[in-house]
Structures are given as structure tokens and as C-alpha cells.
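Given the structure is predicted, the values throughout are model-derived calculations rather than measurements. For this chain, numbers begin at 1 and follow the sequence in order. As the structure lists them, so they are numbered: ligands from 1, and atoms in each ligand from 1.
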Amino acid sequence: MKLTEELRKSLRIRVDYTNMTDKYIPNGISDKRLDAHKKLAKAAHAYVAENRGKDELFMGWTELPYNQNEIVADILATAKLVRRKFDNFVVLGIGGSALGPIMAFNALCHLHYNDLPKSKRKGPKFFVEDNVDPVRMKDLLDIIDVTKTCFNVISKSGATSETMAQYLIISDLLKKAGVSVKDHVIFTTDAKKGNLVKISKSLGGVKSYVLPDGVGGRFSELSPVGLLPAAVLGIDIKAMLKGAAYMDKLCKTPDLKKNPALLCATLQYIAMNEGKNIGVLMPYSDNLKFVSDWYAQLWAESLGKNETLDGNPCNVGQTPVKALGVTDQHSQVQLYTEGPDDKVVTFLSVDSYQEKTPIPHGCKDIPDVSFLGGHTMEELIQAENKATAHALTMAGRLNYTIHLPEINAFTLGELLFLFELQTAYAGAMFNINTFNQPGVEAGKKATFALLGKPGYADKKAELDAAAPDENYIV
Ligand code: PA5
């Protein structure tokens, strides 16, 4: 994609927060209230600006749009080889090591990509195995030939039970099939430490990409975690990075009315403090459906904390809910409109879909149906998006819209960087550690103990002691 300045501007994502304001919502946010948060927003902006790139604070992700020229070149070369050699590309990873690749695949590839004939696909069939459901594993193995498959094992720690169990299964199968494990795996992991580094050495040096020190899983989509799978799929990863850099540029200003990520963070912060404990993300696009899954992890794991940076107790965060327009209009919107007033709904709207799909004239004797003829499906979905925002507004429910001019690699890069900055700003406003996940680690450790990992005897004893004396199970 050749990106002139004019094209960048035309692809700029915009935030319309009209329906968050007291002009349209009785309990909406007044200009005065927004202005009263200017100082806090400015401080959050300064915190992120001052600490960007700092590995020790896990803020290395801010530099990913700028510091990967060599890595990108290497990834593109590897992707070309993978496309030539393999029929399938399988990501083994979970959480931050899976949700980004799923999001980009779904957003930028054909919605039935794997069902297309080879000649119509830009790359091999693509799968992301982010669970350890044994049925799912078996079903995958039923449809792929491991000898024609490249497995991208993505794990920063190389110690995540789910990913490593999958690795053990596929390496065993590769050995049994008589092929070299080394030639069928690519690792994305820490530079020096972790089990994948050890495994790579024992296999004689596996092709590996580094998940940089200062980049946590949920902020890693623009690192090799996301870039390699995207490149294998033929996605323009350079455009994705340029989109992120463009959003970064738009967010240089501490003026919250000009900085889209700071504006969204401040609106959400105000809403959360007023009891809006649920944040619904509702894209009106099947391609953007999995942006909600990726965002849910980013927002939930980053903000769900019980202690401030000064060590004071707190219980902050907002429960992310994933919805899809228009599908969930016929499911959840009733609740959003008339149920508890505890939500902020964020719409992702697309100004121009790749397809318009005209609706032919027909059923002319049935006006209830014939009125649709002559319109397009694009008009229909956009009308429904507008109508739902209007209905929520009429019901006094906070909502705002992020407009994507169209869906492409550049705008996806913009969108994900907007959300990452928004999360960093919101975390700074709450004065919490946005980048750790002690709650996730706790569960990982308990699993280790239950399955007998050495060094976890105390945890096992704690789990045994916690077992109830009586059963309350019916
Ligand atoms: O955001 C995170 O840090 C987590 O979701 C991790 O990505 C996830 O737990 C997987 O960890 P790892 O990459 O070490 O296998």
C-alpha cells in the first residue's frame, strides 16, 4: 500500500462521542465535567509519554511501529518460505499470544479463508489453537497433515501449560511421522530465557523470533507475535505498522479533545467512576468481530486491579462484553436499552465496506418486504448501526462510535494502537500497574501444582487444604 499523506488522512479513524454528552443523554457527560478531568488526562498523557519505550515498565510496545525494520524484512522472507513449503500454518499460543493473530486474520482475510481453493488464498490454511479442549485438538489433527504444516509456537515464558502441552503433542506426532521437528516449528519467545529457548538449543537451533522484553502478551500484536502470522497470510504488515504510527502521531497532543485515545480513556474513566462497570464493544462488521476478543483481554487484564501503584487497595476495571452488530441487536440490545444502566456501548462503524451487495427489487405486492429492494446491504447494516445508537441514546444510555473509513491493514493498525494507548492512559488515571497480570499468574501456578510440576508442593498443599470437608454439590 503506497501511503501518501492525503491517503493517510482519508483513512483516519474518528471518534464521535456525541451520545456521551449531556446534550443528548440526560445523565451524560457535560463539557464542564470533561474539562474538570483535563488535568488528570494531561498527567496520564505525560506518564505515557515519559515512560514510552521503557522495558522495565513494560512499555516497549509504544516503539514497535518504529524499531522493527530488520525484523520485518526477516519476517517477510520467512513468510514467503512458509507459503511455498506448507499447506497449513498453525499458531499454538493462548491469551496475548493468540488473540492478536486471530483478530488480524479475521479482519483482513476472507471470512471463509480456509474454505477457499488454494489458488484464491494468499497463504496456507490458518488455525490458531488457543485452548486445550481435547476434542478440538483431535479435530484439528483430523484435518491437517502434520508433515505439511508449520507450527508457530508463541509463548513468552515457554512455561504456559496449554501451549507447551500442545507443543509436546505436535512434536511427538512430527517425530512419529519421521520428519524433523526443527523444520516444522517456528518459535516466538523471549530472547534469552524460557523453555522454548532451551528446546530450540536442544533441537539444534529452531527459527525463532523474539518477543521483546518490554512487550507484554496483550500488547504484542505489532511484534513478531502478530506480524509473522499476518505476513504468512499475505497481510500488508508494513501498512499495519504505519497505521499504528499514524495513530501514535494523532495522540501526541495532551489536549483530550484532539487526542482520540485520551478522549476515549477519559470518557470511560468518568463513566466507570459513575458505576458504568460494563463496557460493550459492538463492531458492525463480521471482519471486526474478533477485535472485541482482543480488546476484552487488553482492557480487562490491564485495568482489573486491586492495588494502586502506591500500594493502596482498590478494585477497578470494567467488564468487557463482546457484541456484534447487527446480530446482537436481536439478542443483547434489549438489555442494553432497558436493563441496568451500568454500561458504555462502543460501536465500531465502517464507513465503506469492501462489498456493497445490492438488494434486488422483488415481492412488489408486499410493501413490508419490497421497501428493501434497491438498497444495498451496506446501507442496511449502516442504517441498523445508526438506529441502534439512536435507540440507546433515546433510552439515555451512554454510547459512542469509532468510525473506520474502511477496513484494511492501515486502519486496523490505527485501531489497535488507539486501544493500546487508551488502555495505558486509563491505567495511568487509575494509578495502577496496567501491564502486570497477577490474577492470571495465580491460576497458572495452581494448574502447575495440580499437575505435579516440581517446585509447587506448597501450592498443592494449599489447594488440598482448601478442598471443602463437605460437598454442596447436588
Ligand atoms: O497478556 C498476557 O500476558 C497473557 O495473556 C499471556 O499472553 C498468556 O498468558 C500467554 O503467556 P505466554 O506467552 O508466556 O505463553
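- The 4.0 Å heavy-atom shell around ligand 1 contains residues Ile94, Gly95, Gly96, Ser97, Ser155, Lys156, Ser157, Thr160, Gly217, Arg218, Gln297, Glu301, Gln437, Lys444, ordered by chain and number.
- Take Asp310 and apply the side chain to side chain donor-acceptor pair (under 3.5 Å) test, not counting sequence neighbours, and it matches Asn431.
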Mind listing the side-chain donor-acceptor pairs of residues 275-283 below 3.5 Å, one per line with the distance, residues two or more places apart or on another chain?
unit_1, atom_1, unit_2, atom_2, d
Lys276, NZ, Asp341, O, 3.4

side-chain contact (heavy atoms from CB on, under 4.5 Å) assessment of Arg12 paired with Leu250: CA-CA 9 Å; Arg12 176 175 174 170; Leu250 296 176; 3.8 Å; yes

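- Under the 3.5 Å distance criterion, the side-chain polar atoms of Arg121 are matched with a main-chain donor or acceptor of Leu116.
- Taking 4.5 Å as the limit, some side-chain heavy atom of Phe89 sits within range of a side-chain heavy atom of Asn152.
- For Lys252, the salt bridge (Lys or Arg N to Asp or Glu O under 4.0 Å) partners two or more places apart in sequence, or in a different chain, are Asp248.
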